[in-house]
Amino acid sequence: MFVKKKKSLVLYALICLLAVSAFFGSQARPAQAASKGTNEIKSLIISGNIPQAQPLVQDNKIQLHALHVYKKGYFMETKARTWWSSNKNVASVDRNGLVTLKDHSGKTFIYTTDGRTTDRIAIQVNHGQTTIQKQKGKKYDVIPQAINKMSMEEKVGQMLMPDFRTFNGKNVTELTPEIKALVKKYHLGGVILFRENVVTTDQTTKLVADYQAAAEKQGLLISIDQEGGIVTRLQSGTDFPGNMALGATRSAELSEKVGKAIGEELSALGINFNLAPSLDVNNNPDNPVIGTRSFGEDPKLVSELGIAYIKGLQSTNTAGSAKHFPGHGDTAVDSHLGLPEVPYDLDRLKKVELYPFQQAMNAGIDAIMTAHVTFPKIEPGTAISKKDGSVIAIPATLSHKVLTELMRDDMGFKGVITTDALNMQAIADHFGAVDAAIRAVNAGTDIVLMPVGLESVANGLYDAVNKGEITQERLNQSVERLLTLKVKRSIFKQERPQDIGQLIENAEKVVGSPEHKALEKEAANKSITLVKNDGNALPLAKEDNGQVVVIGNTYVEDLAAQVKRVYPNSVMIKSAGPSLTPAQLALVKNAKAVIVGTYTSTLSARSPESAQMKLVNQVINESTAPVIGIGTRNPYDIMAYPNVDAYLAQYNFKTASFAASVDTIFGLNQPTGKLPVTIYDSNKEVLYPFGHGLSY
């Protein structure tokens, strides 16, 4: 009796399924799928069933995607005719594949159909723990099938990520027909955006959507360097204070929130790959290119806050990329301009430079960006410079020993490797565009970032493959990793373009939202570090019993505006030094207090002999009132004026950080920041140790 009843139920279910398929099969097909011909479609699958997929459970929701797999190997996202759940007590699903989990244990199947075929995926909930149970079968092995059907040129294209910062002398803020043609001609796998490209929220959303519409068969990796702090690309986004400011807060929770907020803003714009965070250990005060981009000088602090940032970022389904491997922190040369060297052996590197990268790999970072830095104890090989014929060391970006033997074989990294920009002088000057790209691919990179001359580099790579200098196996390895990342982060080519109006409407709610601005303020407030406060010079009284003079050059208007917000009886002196005029000096001598903002990014700017620092020391010597110094970028500025009465490290030069410093000066914000680096004096003795920070 039970067997007969079970068979009846199965038969009933099959009849219902056939009826649904027949009904929806009579409806109109998606426009693009119809134009291709439905006979070109091999199957319909739910993306979560792909073995490499990792559907995210966020706030009791799971976003599923319906994909058409084509007979020619590629796959695209389709707007399925309907979705339904077999057990709505466990989970419901809306018309766009968004699953909402209920407060009920059990199992449900989520189904979808395009009217021709159907697929399902299982979701098991057990006392709040959710498990996604994939269906199995060859039809879900879409990545190897896609690779097998790709031409050599298509495989190379997946590895190319050029920038179109400008085109024909103009900033690219909308997709031109010429760029669209290049995306298709070279089968590009991705592009990188810069500040020139991302001006407003609506403009950026449309530009990104147009790039994706121009893609050939696979979705594009749309990347950007949205680190926060001094490397912030979005002009309409939230200006978070940066990694060293987060290092000063000592808060992994805050770092995760910032990473998540950045990911939310990028995701809302359609940007799916953030080339962040920097995991460089900044243990060299003379570093001209990392500095406040680092969480600090301690490998464990960098690891803890970096992993928290990555967790927050990737929780939004935005891919992250730790940089600059094996470490750009202990250098005194900018690789944009020259070829730096890190002289340490592997034992030291594993304890310091490599430590945060290993922890990030263990925590599931999506990608790693390489450094144009030489590590002679790891890679002793040399090359002849095309710039001047000299013998030069092989930088990490072009080294098989670093990328494959160290990163992949020794450290076990399975994700995507991207070069740093190949137009940087450390590479472009010495190796040339085509040779650099070939070397990088053979070293083990998956993404050739910002090649110099897209056409020549693409053709150079084609020739290298045809000549056997680059093997098909080497290409296949990279393409598999790239397609895996795209599947993992749900980066799919759309059969039908998404509604741009809806995309813009959503982006405008997220980018620069009040919640994110509040988080920006919290991070800035908690980062301010009171390094020195002789004679309890701070906080200054808010009562108007004299004039406050604000002095500086770079960003001094921003500092002065924040002082006037709190203390209206203030005046600004803008001067690059080396000294004040008699009239300006008279203002200083009659002031209630003097606030001096200094800005440095290089060793020469921080020298006591620089014009800026001579000016500050003149003010300290001539003023009878307290002089408060603010390092508005690097915290090391006090090295040039150690006799200042009070000193704050601000780490960032955006509005929220200036406001936080001024609020701290006038007692409206309690300073809680701790130095994430050591500050030395002119004799290389410790002036203020790592972890130092005063309060009121």
Side-chain angles (χ1 to χ4, degrees), residues 24 29-33 36 41-70 73-85 91-101 108-123 130 132-137 139-143 145-146 208-209 212-213 215-222 263 266-273 314-319 366 482-499 502-503 506:
F24 287 109
R29 301 280 186 262
Q32 190 162 339
K36 288 178 177 292
I41 298 172
K42 183 179 178 181
S43 61
L44 172 79
I45 65 171
I46 294 173
S47 62
N49 283 323
I50 300 174
Q52 296 86 348
Q54 296 180 17
L56 292 175
V57 181
Q58 289 291 328
D59 300 323
N60 283 326
K61 296 184 183 299
I62 306 168
Q63 181 64 64
L64 300 177
H65 303 267
L67 306 180
H68 272 148
V69 181
Y70 287 81
Y74 60 92
F75 45 93
M76 294 186 182
E77 184 166 1
T78 185
K79 291 298 181 185
R81 284 292 171 263
T82 190
W83 293 81
W84 71 94
S85 171
S92 62
V93 60
D94 70 9
R95 60 195 299 268
N96 296 312
L98 181 63
V99 176
T100 301
L101 302 175
T108 185
F109 285 97
I110 303 297
Y111 291 85
T112 189
T113 182
D114 61 359
R116 297 173 66 247
T117 57
T118 302
D119 197 25
R120 71 177 188 176
I121 192 167
I123 298 175
T130 303
I132 297 172
Q133 299 171 347
K134 299 172 183 283
Q135 305 301 295
K136 296 183 179 179
K139 73 174 184 176
Y140 302 115
D141 293 330
V142 295
I143 291 177
Q145 293 169 24
V208 172
Q212 290 291 10
E216 193 176 29
K217 296 174 182 176
Q218 304 291 344
L220 291 176
L221 286 170
I222 308 288
L266 295 179
S267 180
L269 294 165
I271 300 170
N272 50 45
F273 189 16
Q314 294 184 175
S315 74
T316 68
N317 223 21
T318 305
D366 289 316
L482 289 165
L483 293 186
T484 295
L485 177 59
K486 292 180 180 184
V487 166
K488 180 181 176 183
R489 295 295 167 209
S490 303
I491 302 167
F492 303 116
K493 168 74 176 174
Q494 303 284 322
E495 284 184 343
R496 289 191 298 181
Q498 294 176 279
D499 186 308
Q502 290 182 358
L503 292 175
N506 177 64

Close side-chain approach of [X] and [Y], heavy atoms under 4.5 Å:
X    : Y    : answer
L64  : V93  : no
L483 : Q218 : yes
P51  : D141 : yes
L221 : K486 : yes

What's the separation between atom [atom1] in [X] and atom [atom2] in [Y], rounded to the nearest 0.5 Å?
X    : Y    : atom1 : atom2 : answer
Q63  : Q58  : CD    : CD    : 12.5 Å
S47  : K488 : OG    : NZ    : 14.5 Å
Y140 : I50  : OH    : CD1   : 10.0 Å
I123 : I62  : CD1   : CD1   : 4.0 Å
L44  : T118 : CG    : OG1   : 7.5 Å
I45  : T117 : CD1   : OG1   : 10.0 Å

Quick one: closest heavy-atom pair of [X] and [Y], and the distance?
X    : Y    : result
L503 : A209 : CD1-CB, 4.4 Å
I121 : Q133 : CG1-O, 3.7 Å
N272 : L220 : ND2-O, 3.0 Å
N317 : S490 : ND2-OG, 3.5 Å
G219 : I491 : C-CG2, 4.0 Å
P55  : G48  : CG-CA, 3.8 Å

- Would you sort out whether T82 and R95 count as a side chain to side chain contact (heavy atoms under 4.5 Å, CB included), showing the intermediate values? CA-CA 6 Å; T82 190; R95 60 195 299 268; over 6 Å; no
- Task: Please step through side chain to side chain contact (heavy atoms under 4.5 Å, CB included) for the pair K61 and L98, ending with a clear verdict.
- Result: CA-CA 7 Å; K61 296 184 183 299; L98 181 63; 4.1 Å; yes
- Task: Could you check D366, T318, T316 and say which one makes a side chain to side chain donor-acceptor pair (under 3.5 Å) with R489?
- Result: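 That would be D366.
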- Task: Would you mind telling me which of T113, N49, T112 makes a side chain to side chain donor-acceptor pair (under 3.5 Å) with D119?
- Result: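 The single option meeting the side chain to side chain donor-acceptor pair (under 3.5 Å) with D119 is N49.
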- Mind checking side chain to side chain donor-acceptor pair (under 3.5 Å) for E77 and listing every partner two or more places apart, or none if nothing turns up?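 Once residues adjacent in sequence are excluded, the partners of E77 under the side chain to side chain donor-acceptor pair (under 3.5 Å) criterion are H65, Q494.
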- Task: Please lay out, stage by stage, how T108 and R120 fare under the test side chain to side chain contact (heavy atoms under 4.5 Å, CB included).
- Result: CA-CA 10 Å; T108 185; R120 71 177 188 176; over 6 Å; no
- Message: Which label fits Y111 and F109: parallel for a plane angle under 30°, tilted from 30 to 60°, or perpendicular past 60°?
- Response: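 Geometry flag for F109 against Y111: tilted rings.
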- Message: Does the plane of the ring in F75 sit parallel, tilted or perpendicular to the ring in F492? Use 30° and 60° as the thresholds.
- Response: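 It falls in the perpendicular class, over 60°.
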- Message: Quick check against the 3.5 Å criterion: does S85 have a side-chain atom that pairs as donor or acceptor with the backbone of A91?
- Response: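 Indeed, once roles are kept as given, a pair shorter than 3.5 Å links the two residues.
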- Is the backbone N or O of P497 less than 3.5 Å from a side-chain atom of Q212, with the two atoms forming a donor-acceptor pair by type?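 It does not hold such a pair.
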- Show your reasoning for whether side chain to side chain contact (heavy atoms under 4.5 Å, CB included) applies to K217 and K493. CA-CA 6 Å; K217 296 174 182 176; K493 168 74 176 174; over 6 Å; no
